[in-house]
Asks: 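Before we start, here is the structure in question, set down as structure tokens.
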Amino acid sequence: MKYKLLLFIAALAISPGFAYADDHVAGQWQADLGHGVIINMDVLADGHWTSETIQDNKVVAEYAGTYKLTPRDDTHGRIVLTPYKSHVISGNHHQAKVEHDNYVISEGGKVATFTSGKDKLVFHNTTAE
């Protein structure tokens, strides 16, 4: 289910084999999961991120952590998001776990697609011009 990818922001100990954080994914991102569920995520170029899940205009979960990238090129790669804060306010959201996702940045940095297995989550950069 898409909530697994929510946890990737989950959004987020870091493996020494991963290269670095990077400003390719930095920005303010939003994913609309439908049914009144939205994920807002702030990703900083220094390797940190925060996110909140909003359902029916109420914050139901908050997460924060760090990330590391293994880029394949300027728009593709692997991201590991390791949470250090996970606060579930309501609903069936699970505590965050480390997520290993493939990412694709498209439309000139305006769209980020994260995939883990068969799950896919599409974020739109709300700070991109």
Side-chain angles (χ1 to χ4, degrees):
M1 185 169 212
K2 291 184 180 183
Y3 290 113
K4 181 182 179 215
L5 281 176
L6 162 66
L7 298 178
F8 89 88
I9 305 177
L12 297 148
I14 303 292
S15 173
F18 291 95
Y20 55 94
D22 135 340
D23 60 4
H24 283 97
V25 296
Q28 294 178 334
W29 299 90
Q30 185 175 81
D32 186 343
L33 303 182
H35 306 289
V37 179
I38 295 172
I39 300 171
N40 289 325
M41 182 168 69
D42 289 331
V43 180
L44 304 175
D46 71 357
H48 290 86
W49 60 267
T50 62
S51 74
E52 62 182 10
T53 303
I54 300 167
Q55 185 169 11
D56 298 325
N57 296 318
K58 295 177 190 167
V59 176
V60 296
E62 298 173 315
Y63 304 95
T66 59
Y67 71 93
K68 292 290 181 178
L69 296 178
T70 303
R72 290 186 196 120
D73 57 36
D74 285 343
T75 59
H76 297 77
R78 188 114 171 114
I79 186 168
V80 176
L81 299 121
T82 304
Y84 57 71
K85 175 188 171 192
S86 176
H87 179 66
V88 176
I89 299 164
S90 67
N92 293 328
H93 305 282
H94 301 286
Q95 295 300 311
K97 296 184 278 186
V98 175
E99 288 286 332
H100 302 259
D101 298 317
N102 292 311
Y103 72 87
V104 176
I105 305 296
S106 60
E107 297 186 33
K110 295 180 182 177
V111 176
T113 303
F114 294 90
T115 57
S116 177
K118 294 180 181 178
D119 294 328
K120 182 189 291 189
L121 192 56
V122 178
F123 283 89
H124 296 272
N125 190 329
T126 61
T127 56
E129 295 177 14

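Reckoned from all heavy atoms, side chains included, excluding hydrogens, waters and symmetry mates. Along the sequence shown, the residues carry numbers beginning at 1. What you see is a predicted model, and the numbers here were worked out from it, not measured in a lab.
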Asks: Step by step, work out the side-chain contact (heavy atoms from CB on, under 4.5 Å) result for Thr70 and Val80.
Replies: CA-CA 9 Å; Thr70 303; Val80 176; over 6 Å; no

Asks: For the CG atom of Asn57 and the CD atom of Gln55, what is their distance to the nearest 0.5 Å?
Replies: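 Result: 10.5 Å between the selected atoms.
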
Asks: Check whether any side-chain N or O of Tyr67 sits under 3.5 Å from a backbone N or O of Leu44 as a donor-acceptor pair, and report yes or no.
Replies: yes

Asks: List for me each residue that meets side chain to side chain donor-acceptor pair (under 3.5 Å) alongside Gln30, sequence neighbours excluded, and say none if there are none.
Replies: Asn40

Asks: Please work out whether the ring planes of Phe114 and Phe123 are parallel, tilted or perpendicular, with thresholds of 30° and 60°.
Replies: perpendicular

Asks: Between Thr115 and Asp101, does a side-chain contact (heavy atoms from CB on, under 4.5 Å) hold up when you go through it step by step?
Replies: CA-CA 5 Å; Thr115 57; Asp101 298 317; 6.0 Å; no

Asks: Treating Thr126 as the side-chain partner and Gln28 as the backbone partner, does any N or O pair qualify as donor plus acceptor under 3.5 Å?
Replies: yes

Asks: Could you grab the distance from atom NZ of Lys110 to atom CD1 of Ile105, nearest 0.5 Å is fine?
Replies: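 These two atoms lie 13.5 Å from each other.
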
Asks: Apply side-chain contact (heavy atoms from CB on, under 4.5 Å) to residues Leu121 and Thr113 and explain how you reach the verdict.
Replies: CA-CA 6 Å; Leu121 192 56; Thr113 303; over 6 Å; no

Asks: Do you know the tightest heavy-atom contact between Ala45 and Ala26?
Replies: N-CB, 3.7 Å

Asks: Apply side-chain contact (heavy atoms from CB on, under 4.5 Å) to Ile38 and Thr53, showing your working.
Replies: CA-CA 6 Å; Ile38 295 172; Thr53 303; over 6 Å; no

Asks: Once rounded to the nearest 0.5 Å, what's the spacing between atom CD1 of Ile79 and atom CD of Glu99?
Replies: 11.0 Å

Asks: Are Met41 and Val104 co-members of a hydrophobic cluster defined by side-chain heavy atoms under 4.5 Å apart?
Replies: no

Asks: Which heavy atom of His48 sits nearest to which heavy atom of Tyr84, and what is that distance?
Replies: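 Between these two residues, the closest heavy atoms are CD2-OH, 3.7 Å.
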
Asks: Would a 4.5 Å heavy-atom cut-off, applied to side chains only, mark Glu107 and Asn125 as touching?
Replies: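 Answer no - side chains too far apart.
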
Asks: Quick check: is Val111 connected to Leu33 through a chain of hydrophobic side chains (ILVMFWY, heavy atoms under 4.5 Å apart)?
Replies: no

Asks: Of all heavy-atom pairs between His35 and Asp56, which one has the smallest distance, and what is that distance?
Replies: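 For His35 versus Asp56, the nearest heavy atoms are O-OD1, 4.2 Å.
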
Asks: Measure the spacing between OH of Tyr63 and CD1 of Ile39 and express it to the nearest 0.5 Å.
Replies: 8.5 Å

Asks: Are side-chain heavy atoms of Trp29 and Ser51 found at a separation under 4.5 Å?
Replies: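 Side chain of Trp29 against side chain of Ser51, heavy atoms only: no contact under 4.5 Å found.
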
Asks: Among all residues two or more places apart in sequence or in another chain, which pass the side chain to side chain contact (heavy atoms under 4.5 Å, CB included) test with Val59?
Replies: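 Once residues adjacent in sequence are excluded, the partners of Val59 under the side chain to side chain contact (heavy atoms under 4.5 Å, CB included) criterion are Glu52, Ile54, Glu62, Ile89.
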
Asks: Is there a path of hydrophobic side-chain contacts, each under 4.5 Å between heavy atoms of I, L, V, M, F, W or Y residues, that connects Val122 with Leu81?
Replies: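 No, it is not one cluster - the side chains of Val122 and Leu81 are not joined through contacts under 4.5 Å.
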
